Amino acid sequence: MTLVDSNVLLDIFTRDPKWYAWSAAALMSAGDEGALATNPIIFAEVSIHFASLEELEEALPAASFHRAALPWEAAFLAGRCFAQYRKRGGARRSPMPDFYIGAHAAVAGMGLLTRDPKRYRSHFPKLRLICPEPG
């Protein structure tokens, strides 16, 4: 199963000129390999681009995207990784959603489809990332 990061979904929904092609192809490929998943954090991040819950549910149908609950272990891991981030001089602005997403994928043994791998690689080194090649 592959957890799909909000940046990939938003690239597709907004037809981002730079990232649409990569994100659409990567999503199709991940879907061909196995089930796709989202979680409440990703759902919330994507929701701001939709006028209603019904529109969002149509864009992310439960038949195509498994609705994965956040495990308590992921909450603990996200907090520990955030504390480590702050100790290393991370910005005061809270990037907790990314830590929850990475921790969820790591704890659940899922891959993570994202186009922003830097923080995930740094804090979740064993996490299987599906991301653009460095260029």
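For the numbers below, each heavy atom of this structure counts, side chains included, while hydrogens, waters and symmetry mates do not. None of the values given here were measured: they were computed from a predicted structure.
Considering only heavy atoms from C-beta on, Ile41 stays 4.5 Å or farther from His104 through its side chain. At a threshold of 4.5 Å between non-hydrogen side-chain atoms, the residues His123 and Arg88 count as touching. For the pair Leu36 and Met1, the minimum side-chain heavy-atom distance is 4.5 Å or more. Counting heavy atoms from C-beta on, the side chains of Ile101 and Leu3 come closer than 4.5 Å. You'll find the side chain of Phe50 stays beyond 4.5 Å of the side chain of Glu58, heavy atoms only. The closest side-chain heavy-atom distance from Leu129 to Phe124 is not below 4.5 Å.
Minimum heavy-atom separation, Asn39 to Leu70: ND2-CD2, 3.7 Å.
Remark: Ile42 CD1 to Glu45 CD distance equals 7.5 Å, nearest 0.5 Å. Note that CG of Leu60 and NE2 of His66 are 13.5 Å apart. Values are rounded to the nearest 0.5 Å. Rounding to the nearest 0.5 angstrom, the gap separating the CD1 atom in Ile130 from the CD atom in Glu33 is 6.0 Å. Going from atom CG of Asp98 over to atom OG of Ser6 covers 7.0 Å, rounded to the nearest 0.5 Å. The distance from atom CZ of Phe99 to atom CE of Met96, rounded to the nearest 0.5 Å, is 8.0 Å.
The environment of CZ in Arg67 is crowded: more than 12 heavy-atom neighbours from other residues, nucleotides or ligands sit within 6.0 Å.
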Residues 7-16, side-chain donor-acceptor partners within the protein, below 3.5 Å, at least two apart:
residue	atom	partner	partner atom	Å
Asn7	OD1	Arg115	N	3.3
Asn7	ND2	Asp5	OD2	3.3
Asn7	ND2	Thr114	OG1	3.3
Asp11	OD1	Arg115	NE	3.1
Asp11	OD1	Arg115	NH2	3.0
Asp11	OD2	Ser23	OG	2.7
Asp11	OD2	Arg115	NE	2.6
Thr14	OG1	Leu10	O	2.6
Arg15	NH1	Tyr20	OH	3.0
Asp16	OD1	Lys18	N	2.9
Asp16	OD1	Trp19	N	2.7

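In this structure Pro61 satisfies the side chain to side chain contact (heavy atoms under 4.5 Å, CB included) test together with Ser64, Phe65, sequence neighbours excluded.
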